[in-house]
Amino acid sequence: MKPRLLLSLAAAMLLAGCVTHETGSSSGIATVNPGYRPDVKTDEAGIWLTADKAEADLRDSANRVRDPALNALVSDMVCKLAAEYCGDLRPYVVRVPHFNATASPNGAISIWSGLLIRARTESELAAVVGHEITHYARRHTLARFRNARENTDVAAVLGLLGATTGVAQIAELPHVIAVGNIQAFSRDNERESDEEGFNRLVKAGYEPSAAADVWKRILDLKKAKHEFEYESYEDRTVRLFVASHPPSEEREKSLRELAEKTAKPTVPPPDRLRQALVGVRLDFLLDEVKLGQFRESKALFELLLKDDPLPGQIYYALGELYRKRAKDDDELVSMSYFHQACEAMGAPPEAFRMVATIRWRRGEKELAKEYFRRYLNAAPDAGDRDLITHYLGS
Amino acid sequence: MTRRLLPLLLLIALSACESWQKIPPGAVKLSDKAEVVTTQTWSGQGDRDGFLWTQDGPGMDSLFFHLGIKDGKTLFEDQDVEKNHSFILKLMNRQPDQISFRFSKTMTEWEIVEFFTTSWGKLAGDVPVKVENMAPASLDGHPGIRFQYSYTPKDELRRRGFGIAAVVDDKLYVVHYLGSAIYHFDKNKAEAEHVIASLKIKKG
Amino acid sequence: MFTSFRLVLVAALALSVSACATRTLSTTDKLTRDVAQPKILLMPADVELSELTAGGLTELNADWTLSGQRNLKAALNEHLAKLNARFSEYQPLAQDDPHYDTFQQLQKLHGVTGINIQNYAFPPAPGLPGKEGKFNWALGPATTMLAESTDSQYALFVWLRDSYTSSGRRALKLAAAILFGVQMEGGKQVGYASLVDLKTGEIVWFNLLARESGDLRDLASARESVDTLLTGLPQ
């Protein structure tokens, strides 16, 4: 960036800072009452109308995960956490392979598949969702919207100045400022959501340390991702995450302190997440592989392997990760993972096919054929049966 | 997310901005290496080893020709993320956490189909592409694989497609047709079959 | 976490205001009158009324949008009656209805087709030379489902974005014009409508609307807007 632009940018930010609302409860926006709907004459009603439209799209989306077991768990968990808002919230699971969950101002909650494979327990998932429910209850979107409106108003005036002073770059400022401020909730909103989300977690009988644990996990994965990286936070997910949230270390620390001050639940917290994921997790793991973020995926899979009841799925995903990277001796590494998958619980039939594939390539035809047969035994209706039979006959 | 949508935007830009050529019925020389015959009129664009034809618009029906992807290359040039990694950072072993999925001349048929669907899913914005079936087939007499697939991109209009892939002289050839599942897939499927069946690949 | 909520910047509007308020393409100027009064089914209309803030954001106004939708339907009803056609409104299906998916996909297909028509069918766009200048887009045979289940002959699709200048924006616009001689964008009415023959699945009429006037907030203005939106509709 040119120094002049940087300077103007700094000036603009200062200006924007003057009108930034202090959001959260201090912004004068009251917490919603159960059953709340905004009056049609308000700016909030416009936001709800947008949210209602988005929710209709979400409900019909091909990306929505309709697995009954998973949806049953999520609904029950949201109700436990939401307490008085149970009837106002509608959770949806979506197949998007990034770590995220969202709460719309109208009560639609969306839980992304990338979060579901990163949370290790129901309590950890509940910690993130409890945080989101607070965004809803505290009407943080409305605060953000009003903030953005004022910021862009300032930006328009600045844009006008730019147009007249002949500084070409400054004309782009409105966009820069608007985008920078609109993207995320304020840090104060995020802190508020952390604290109240934590209270919801504990009240619902979940494990208090889960909130700190899940943030630590995300932090560890980001560290693995950026270990060798000069341009850290290059990934937009990370960039946004950092911009909108208290630094993860700080967040983990304060949540850890909260947990230490809180008594453990008297009844062991429910942990139904793994069971609920049985029908869909392999798809989610393979979506992760397809992102092409080798280091983060590898760190995630290795972490999951520690105590996973279905390690066959994870060995298979690791094998796919190496096979797709295909550098140096990656094929050998992938073959060894595929072998491990074949002997472990939860292996998909494709693990046998991949062992066979690589053995075949290495000229080990008899061993390959044995695994082709095991593949067809495990998946008698496989779509590529004719092809495999062709290999077996040659 | 900008980075995720970029390939999609590139596709749209490619389709909307470059000018289309009229492809009248008859023999069409795609490149020095490939020729086909059509019975209907199409609009087409592309060069060297990649061509896109359409009748009603690229969002609705598309016939894609990937002609001769070399060993180690991506399905679309833009999908080679490592190409943009700085040479110095590479030497310092400080690259971004991104890898590309590349064609390998030693791939089996199902690996080729998987390479195709993974690359296509990335193009459509990280959406899953489902393989509906696979069967042995040939492309201009070269042994290959026929596959049918479906996916739903962010516009929520379901797409279906089918194609044939084959490796000729260590290079991958994929010709596939896709359209809206509710209308365009069936509309031009027969014509697409004819075009694919007419493909002649010149070796070398 | 970040929500899916996003503000729409005016600049993102795909349609630009041109000299003419409307541009029309059609395959015919006559409605097929197998029945004396053909029934035209209004598909769920995508209509949003917004305020253009000083900063240039379009802020959706729920109150205006709801009355705009009501006025649109009332004005449409009157307009079609004058053409000796019947107006009917699509009743949303239950999600478990066997036609639900087809109905959804038809709407999505129309959305994508509308974008392609805007990109390729209207001069000066170079267009698709394979079309040889013909206007021949269609939604295919699935439209017969709509014809049969609603006893209609045509379906009308409407997409409309209406924005009005806020007092803050007006002041800024005035300041810009007086002090610096700069023209800032004000409120706009942009959108399109299309008529689909449900028997053949063909889009028989397509109209693009883009102008710096027009209003849907009261019935009288909505009548004028609908008359403009339906310019050249087959009769």
Side-chain angles (χ1 to χ4, degrees), chain A residues 57-58 60-63 95-98 114 222 224-232 234-240 283-284 286-287 289-299 320-321 323-327 331 350 353-354 356-358 360-362 382-391, chain B residues 1-6 72 79 81-82 85-86 88-90 92-104 106-111 113-115 117-119 121-122 125-137 143 145-148 150-159:
Chain A
D57 288 345
L58 181 60
D60 293 329
S61 172
N63 259 357
R95 191 167 167 184
V96 186
H98 299 273
K222 295 302 169 200
K225 183 184 187 66
H226 297 293
E227 191 180 359
F228 302 107
E229 203 166 308
Y230 178 73
E231 288 177 350
S232 59
E234 179 273 344
D235 184 288
R236 185 190 149 110
T237 311
V238 183
R239 194 153 42 77
L240 265 185
D283 284 342
F284 295 175
L286 296 177
D287 287 348
V289 172
K290 287 173 188 163
L291 289 177
Q293 43 179 24
F294 183 89
R295 291 196 295 263
E296 175 164 351
S297 301
K298 179 170 177 280
E320 279 293 281
L321 195 62
R323 182 182 71 84
K324 280 176 182 293
R325 188 173 71 164
K327 269 188 188 159
E331 181 158 278
E350 287 77 12
R353 188 181 64 181
M354 285 323 304
T357 303
I358 298 170
W360 186 273
R361 245 196 306 273
R362 297 168 60 80
D384 52 0
R385 191 174 183 95
D386 290 354
L387 267 174
I388 304 290
T389 313
H390 180 75
Y391 274 73
Chain B
M1 305 200 163
T2 319
R3 194 168 62 83
R4 281 202 295 139
L5 284 178
L6 193 66
Q79 290 186 330
V81 289
E82 285 103 326
H85 292 178
S86 139
I88 295 171
L89 293 183
K90 224 180 267 184
M92 294 162 69
N93 200 18
R94 283 172 179 274
Q95 288 133 284
D97 190 12
Q98 303 166 333
I99 55 167
S100 309
F101 304 128
R102 295 162 188 283
F103 164 68
S104 154
T106 61
M107 278 177 167
T108 55
E109 292 84 346
W110 50 90
E111 285 176 296
V113 172
E114 205 270 348
F115 161 72
T117 54
T118 304
S119 305
K122 259 208 154 354
D126 286 333
V127 297
V129 177
K130 191 172 171 241
V131 179
E132 289 176 343
N133 58 54
M134 280 188 251
I145 181 150
R146 182 191 178 87
F147 57 97
Q148 188 160 320
S150 63
Y151 69 102
T152 309
K154 309 286 181 204
D155 62 20
E156 296 291 343
L157 178 64
R158 198 155 52 241
R159 307 301 207 282

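By convention in this document, chain letters (A, B, ...) are assigned in the order of the sequence lines, proteins followed by strands, and residues within each chain are numbered from 1.
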Novice: Shorter than 4.5 Å, heavy atoms on both sides: which option in B/T118, B/I145, B/T152 has the most such pairs with chain A?
Specialist: B/T118
Novice: What distance separates A/L321 CG from A/Q293 CD, expressed to the nearest 0.5 Å?
Specialist: 9.5 Å
Novice: Let me know if A/D283 has heavy atoms under 4.5 Å from chain B in its side chain, its backbone, both or neither.
Specialist: neither
Novice: Determine the option with the most heavy-atom pairs under 4.5 angstrom with chain A, choosing from B/W110, B/F147, B/F115.
Specialist: B/W110
Novice: Taking B/E156, B/R158, B/M107 one by one, which has the highest count of heavy-atom pairs under 4.5 Å against chain A?
Specialist: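 Among the listed options, the one with the most contacts to chain A is B/E156.
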Novice: Applying salt bridge (Lys or Arg N to Asp or Glu O under 4.0 Å), can you list everything that pairs with A/R361, at least two apart in sequence or on another chain?
Specialist: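 Listed in chain order: A/E331, B/E111.
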Novice: Before accepting this row, confirm whether a basic side-chain N of the pair A/R323/A/E320 lies closer than 4.0 Å to the acidic partner's carboxylate O.
Specialist: yes
Novice: Hey, could you give me the CD/CD distance between B/E132 and B/Q148, rounded to the nearest 0.5 Å?
Specialist: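 So the gap between those two atoms works out to 5.0 Å.
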Novice: Where on A/R385 is there a heavy atom nearer than 4.5 Å to chain B: the side chain, the backbone, both, or neither?
Specialist: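 Neither part.
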Novice: Could you go through the side chain to side chain contact (heavy atoms under 4.5 Å, CB included) check for B/E82 and B/R102 one step at a time?
Specialist: CA-CA 11 Å; B/E82 285 103 326; B/R102 295 162 188 283; 3.0 Å; yes
Novice: Can you find a heavy atom in the side chain of A/P97 that is under 4.5 Å from one in the side chain of A/K290?
Specialist: no
Novice: A/R353, A/M354, A/E350: which one forms the most heavy-atom pairs within less than 4.5 Å of chain B?
Specialist: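 Ranked by heavy-atom pairs under 4.5 Å with chain B, first place is A/R353.
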Novice: By a 4.5 Å heavy-atom criterion (distance strictly below it), what part of B/S104 contacts chain A: side chain, backbone, both, or neither?
Specialist: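 When you check distances to chain A, no heavy atom of B/S104 falls under 4.5 Å.
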